[in-house]
Amino acid sequence: MVIRVALPIPLRVHFDYLCDSEVQPGCRVLVPFGKRELIGIVWQLNPSDSYDATQLKAVTQVLDQTPVLAAPIRQLLSFAADYYHHPLGDVLTSALPALLRDGKNADPVKGHSYQLTEAGQHLTAEQFKAAKKRLALWQQLQQPQTESQLLEHFQRKELQYFIDQGWALVTPLLYGPYQTAAEQQKSLPLNPAQALAVTAVQQALGSFSCFLLEGVTGSGKTEVYLQAISPVVKAGGQVLVLVPEIGLTPQTLARFEQRFAVPVGVWHSNMTDLERFTVWQRCQTGDLAIVIGTRSALFLPFLKLDLLIIDEEHDSSFKQQDGFRYHARDLAIKRASIQCCPILLGSATPSLESLANVQQGRFAHLELPDRAAGQLMPSVELVDLKQQQMLHGMAGLTRQRIEQHLKLGQQVLLFLNRRGFAPALICHECGWMTECHRCSAFTTFHKQSRQLVCHHCGATKGVPHQCGGCGSTQLAPVGQGTEQLEEQLQQLFPAHRVTRLDRDSTRRKGSLQQALDQILQGEPQLILGTQMLAKGHHFPNVGLVVIIDVDSALYSNDFRAPEQLAQLLTQVSGRAGRGSQPGKVLLQTHYPGHALLQDVIQNGYASFARSALKERQQTFLPPFMFLALFRVEAHQLELCKEWLQQVADHYKNWQQVQLLGPLACPMERKAGKYRWQIQLFAKDRKQLHQSLDSVLTEISRWSLSRKVKWQLDVDPQDLN
DNA sequence: AGCACGCCGACT
DNA sequence: GTCGGCGTGCTC
């Protein structure tokens, strides 16, 4: 038999082999490949267009009796490899845990079970005499026990003694479908909008359909998730909940675990290979009812997946930013269609893509208008920075407001999306600034560690005493970062604690959690942080949120920047006033009349999104246009340009696809390499994808392609 | 990606 | 005279 095998190499082709033994698609095989041996996945049996049969090598070993990749997953992966034009071998890497890629046995053994033999059952307590430990073990073994249960109280050699005596025997304990159970904790009462949403999803169970659940923070989205899940886990089905990278908080997990008496698993990037493998197996065997995980959980092999939930569906961390650049939300929709189950996308600030899908009738729209607990929405105040006396990056009014809220015994949250002390050091004599040698960027001054750090390539060096241009010793920090603001806030408000939360202050393991716990105790204080504060965390005692610098996001050349700013504003508004009082949001800007700001503030996100969508339509941007991007990196600028020019030349044949470029990436040099790009727009998705197929075949033929590092990004999230 | 082959410069 | 640099080709 000839089999077609997908191999872990970055080539967009399959390889054919001979195989005498029984195999099914989705099984792993060990095959000779050049001078090497590789583990591949059987992709097709007896392909009609097989490679010259006389040239075929034979499979060395079949590693699985049953497929590690079941048909639905293979269908998903195959679709993904086509859609993102990514080598299948790399795509498979996302779907298999490392241990399986390395050839580990995939049999789902949970552990070992000990039970008494006939001889063991006929023993009596008296026979143990003074052997108290053995008596206790015997008593516990009246019921079959897992090895791990027994090892809590007994030593391994005691277990072995029972086996040697023929009193007990060991059997492998296999994973299997979980025991369904009723809810542990009673569900909360629903308001009419929530009830409508729950009913809609529940009625859709068993068939493919997409729902967009739009509800502001505090409107009770999680309760809708939980009640939508309820009938699924009562019927023995499985649910996948995808969350953004930072959203995987212990509280979220606890809420799911407390509600249902069924096994809940988690999946995220901090797990060990063995932990991942175990979750993978428990999914495959149906042992886990619910999995909460970040984007790659999308590829887990569920036995009976009946519902998908994507929380914070607008979040950009669902798009992988290197290698296989897939969007987990988009692929999740594909997966739901393959599995014939509903998918629920939830957000307070839906992506424009999803809203367009609602408008075009592809998604059903479920709205939760009210804050569940009936709190008031926070009020937003714009602080016009023009001609203001600024102190430490804050206008007088801003400082007053902070003071007022501290006096009221509330906490104040400040956002500044720039870590470090200052974005650069500047020479007071000649204007020279500290630059990274390898990137087109300045190096950030970190005062505490006394270092200059490039935030783009990670290079660090000591702080110079002299200007690199004129030799002057007059070097001063320019601009403001969180480290500096922390110091300044402490000076301005010496009576209050200032907590800074950014990548630097939370580097030590557990220090983030420690800071969050301390904040939750509610003492009036200033909390200051970067983007990492914006998502997921709940601070009930925060009465005021200040956004120090709105302007840098207002005027960005990234077409998604307005959308992201509107999302940030809405999300942080949700952070304020979750307790009894309504919160306040303060925005510092030089452009208080800016249409986007006005629209979001006065009419809310939904209104903003409607106008933003119209604008995207008029300017021929996604989601009304399909976009793909070729990026190329090389040490020599000329190689970048030449390679892209060849791509551009190829596109002369494709009238339906519009080109923008070749042009430099927003950050032209990074880690010593030049970076250029070409943007491809098409009205017709099919045309775009056909053109990509054809240009990729060309690219693989060019010898220039090996002197540069290039990548294709389909549906890019940002143009960097 | 890896691995081999092959052709040119600087070393024990 | 070799060792090893990386350009090029190939992997069913």
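Heavy atoms only: backbone and side chains are in, while hydrogens, waters and symmetry mates are out. All figures in this text were calculated on a predicted structure; none of them were measured in a lab. In the text below, chain A, chain B and the rest are named by the order of the sequence lines, each starting its count at 1.
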Who are the side-chain hydrogen bond (donor to acceptor under 3.5 Å, both in side chains) partners of [X], not counting sequence neighbours?
X       : result
Q24(A)  : none
S703(A) : none
D52(A)  : T54(A)
E633(A) : none

Considering residues at least two apart in sequence or located in another chain, which fulfil the side chain to side chain contact (heavy atoms under 4.5 Å, CB included) criterion with [X]?
X       : value
K686(A) : D684(A), Q690(A)
L7(A)   : V5(A), I9(A), F15(A), Y17(A), V31(A), F33(A), L38(A)
Q339(A) : P72(A), L305(A), R335(A), C341(A)

Please list, in numerical order, the residues of residues 693-700 of chain A that have a heavy atom closer than 4.0 Å to any atom of DNA chain C.
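Within residues 693-700 of chain A, no residue comes under 4.0 Å of DNA chain C.
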Using the 3.5 Å cut-off, write out each protein N or O paired with an N or O of nucleotides 8-12 of chain C and the distance between them.
from	atom 1	to	atom 2	distance (Å)
dG9(C)	N7	R706(A)	NH1	3.2
dG9(C)	N7	R706(A)	NH2	2.9
dT11(C)	O3'	G34(A)	N	3.1
dC12(C)	OP1	Y17(A)	OH	3.4
dC12(C)	OP1	P32(A)	O	3.3
dC12(C)	OP2	K57(A)	NZ	2.4
dC12(C)	O3'	D16(A)	O	2.5
dC12(C)	O3'	K57(A)	N	3.0
dC12(C)	O2	D16(A)	N	3.0

